[in-house]
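Some notes on the structure that comes next.
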Amino acid sequence: MTVVELIERKRNGGRLSAGELRALMQAYADGSIPDYQMSAFAMAVYFRGMDDEEIEALTAAMLHSGRTLELGHLKLPRVDKHSTGGVGDKVSLILAPLVGACGVAVPMMSGRGLGHTGGTLDKLESIPGFRTRLSLEETAAQLESLGVAMIGQTQEIAPADRKFYALRDATATVEAIPLIAASIMSKKLAEGLTGLVLDVKTGAGAFMPKLDDALRLAKTMIALGERRGCPTVALLTDMDSPLGEACGNALEVEESVHCLRGEGPADLRAVTLALAAEMLLVVGVATDATDARARAEHALQSGAALDKFRALVQAQGGHPGVVDNPVAILPRAPIRERVVAGRAGIVQRVEPRTIGRAIIALGGGRSKVDDEVDPAVGIVLHVRPGASVARGQSVATIHARDPETRQVAEEALRQAIVLGDEAPARRPLISHRVTVRGVEELPFGGAS
Ligand code: URA
């Protein structure tokens with residue numbers, strides 16, 4: 001069977017066997033299949049989809065293209081969280097040390113920016129000296145000594161996904177449930193976890209904007225986790241506007257430090273605490289939802305989460321001063337200018353994709369796989385949907401490297417922040433909880 005025949009079969013709506021998918025992903029990982037053929041394959045999957053068996057086989061093929069973390073010797077439960085991606089989503093930076101401070105090991109493996117969304121690794125690397133490229137052995141040792149490690153997908157972990165992820169980013173083939181589910185779960189299942197929590201985004205800035213698709217994605221990933229013995233839970237959270245106020249790598253680290261100090265935007269804090277509670281529950285450290293919530297809140301309020309973040313930064317070579325004085329330590333863009341409202345009104349929308357693309361235009365994300373990311377640039381939003389603004393009131397601050405990109409970002413912001421006269425419909429921040437047992441709709445504003 002040639003690669004062309006496999007692409008042709010998928011293009012025509014047929015299915016591929018587990019053996020065929022394994023051979024395809026292995027050959028792609030070792031360089032025997034060129035990018036142009038895998039691009040065609042990804043596009044065929046995008047349009048034709050995959051059945052459950054194919055998704056399971058694709059996940060296994062990517063998982064077994066590399067090594068797995070061996071953490072069985074750790075006495076602690078091991079839990080991670082993965083987000084399907086969003087704009088301003090800096091939750092991982094707060095969550096990993098917070099949950100690590102609750103007596104659970106958190107081997108958090110994150111990605112780089114994908115499409116219009118930001119990536120935790122790019123954010124962490126804006127901290128001077130911070131190393132995300134730990135070997136599996138270093139990661140295991142740090143988990144033993146500190147209980148938390150924040151790492152990138154090394155060459156060793158699911159290398160087929162690593163390559164395929166970058167290819168999908170460049171070929172408009174990210175937004176496909178089988179590909180997202182297999183990509184996320186192949187990495188997570190390589191971490192040797194005893195529990196996993198998924199943050200599945202819905203709304204305009206999510207890869208799966210519609211609720212039904214987001215639920216399908218959540219159920220698909222939960223089935224993959226549970227079938228391989230990893231208890232998996234998902235929360236559906238809103239990505240109809242950016243999370244928090246800061247969008248851009250160093251700016252998001254600064255906001256995360258505020259949140260770890262018990263300050264910061266309410267939506268960011270609410271999503272983080274809800275995910276933290278699920279992480280403590282899924283591995284059985286907390287007895288029930290109330291206990292889980294209390295433990296997570298205590299870790300934040302007592303300063304234990306902040307101390308764990310300081311220790312994590314130090315352990316991975318980062319400048320520990322970022323915790324006490326982020327503004328002095330993090331890179332700063334030379335141009336910082338406010339954008340003001342051209343009219344009075346009520347904010348109807350803050351369009352996350354437009355903001356995400358503006359960050360890329362500022363240099364804070366990638367248009368091509370090998371683009372360098374400028375850690376300093378970004379946008380800080382001063383308004384969110386439902387806010388009333390006066391004419392001339394500042395709605396955002398642009399952090400830019402040069403006047404040209406500042407101008408592009410300003411034009412994007414004028415499109416992204418839509419003003420009107422009526423109060424917009426409110427959206428729940430955390431709408432559903434999905435487990436292997438079913439879907440629970442949460443009370444409106446279930447996060448607070
Ligand atoms: N995150 C991933 O790791 N993979 C995807 O495909 C999308 C989000």
Side-chain angles (χ1 to χ4, degrees), residues 21 25 28-29 38-39 41-43 45-46 49-50 54-56 58-63 65-66 80-92 95-96 107-124 132 150-155 157-191 193 196-203 205-210 213-214 216-222 224-225 230 232 234-237 239 243 275 352-353 356 365-366 369:
L21 285 164
M25 294 319 291
Y28 182 54
M38 281 309 279
S39 310
F41 172 71
M43 195 56 89
V45 174
Y46 177 95
M50 280 183 157
E54 286 178 293
I55 299 175
E56 166 105 40
L58 179 64
T59 307
M62 296 209 286
L63 168 63
S65 67
D80 192 7
K81 174 288 311 193
H82 200 87
S83 157
T84 55
V87 178
D89 180 3
K90 69 276 297 170
V91 166
S92 292
L95 192 61
M108 188 168 275
M109 193 189 312
S110 307
R112 302 203 174 271
L114 183 68
H116 62 281
T117 69
T120 300
L121 289 187
D122 296 326
K123 294 170 203 185
L124 285 170
T132 57
M150 296 189 78
I151 60 166
Q153 188 176 2
T154 63
Q155 295 286 3
I157 296 267
D161 167 66
R162 194 162 178 264
K163 208 170 159 192
F164 199 30
Y165 182 95
L167 185 75
R168 288 165 54 219
D169 191 23
T171 54
T173 50
V174 174
E175 287 99 335
I177 289 177
L179 301 183
I180 297 177
S183 163
I184 291 179
M185 295 308 290
S186 63
K187 290 186 280 262
K188 299 291 113 175
L189 291 168
E191 290 177 16
L193 301 174
L196 172 65
V197 175
L198 299 164
D199 179 3
V200 178
K201 303 289 187 192
T202 60
F207 287 126
M208 290 292 132
K210 290 195 208 121
D213 291 336
R216 213 146 47 85
L217 175 59
K219 288 179 193 164
T220 305
M221 291 192 287
I222 288 168
L224 289 170
C230 177
T232 305
L235 291 181
L236 261 61
T237 73
M239 185 39 65
L243 186 64
L275 290 165
R353 282 186 190 243
R366 298 177 186 76
V369 179

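Keep in mind that this is a model prediction, so the values were computed, not measured. Order of listing sets the numbers, starting from 1, for every ligand and every atom in it.
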Inset, instruction - Examine distances only and state if a side-chain atom of K123 and a backbone atom of D89 form a donor-acceptor pair shorter than 3.5 Å. - result: yes
Legend entry - Pairwise side-chain contact, K219 with R216, heavy-atom cut-off 4.5 Å (strictly under): no
Legend entry - Closest protein heavy atom (residue, atom, distance) for atom 3 (O) of ligand 1: K187 NZ, 2.6 Å
Legend entry - Protein residue, atom and distance nearest to atom 6 (O) of ligand 1, heavy-atom basis: R168 NH2, 2.8 Å
Legend entry - S83 N/O under 3.5 Å from ligand 1 N/O: no
Inset, instruction - Please write down residue, atom name and distance for the protein heavy atom closest to atom 8 (C) of ligand 1. - result: T84 O, 3.6 Å
Inset, instruction - Give the numbers and elements of all ligand 1 atoms closer than 4.0 Å to a heavy atom of I184. - result: 1 (N), 2 (C), 3 (O), 4 (N)
Legend entry - Lys/Arg N to Asp/Glu carboxylate O, D169 vs R366, below 4.0 Å: no
Legend entry - Value rounded to 0.5 Å, distance of CG in D80 from CE in M150: 8.5 Å
Legend entry - Y165 N/O to ligand 1 N/O under 3.5 Å: no
Legend entry - Those atoms of ligand 1 less than 4.0 Å from some heavy atom in H82: 1 (N), 2 (C), 3 (O)
Legend entry - L114 contact mode with ligand 1 (heavy-atom cut-off under 4.0 Å): side chain
Inset, instruction - Could you tell me whether ligand 1 has any atom less than 4.0 Å away from a heavy atom of V174? - result: no
Inset, instruction - Return yes if some donor-acceptor pair links the side-chain N/O of K90 with the main-chain N/O of G88 below 3.5 Å, else return no. - result: yes
Legend entry - Pair D161, S186: side-chain N/O donor-acceptor within cut-off below 3.5 Å: no
Inset, instruction - Starting from atom 4 (N) of ligand 1, find the nearest protein heavy-atom neighbour and note its residue, name and distance. - result: S183 OG, 2.7 Å
Inset, instruction - Would you kindly say whether S83 and K201 are connected by a side-chain donor-acceptor distance under 3.5 Å? - result: no
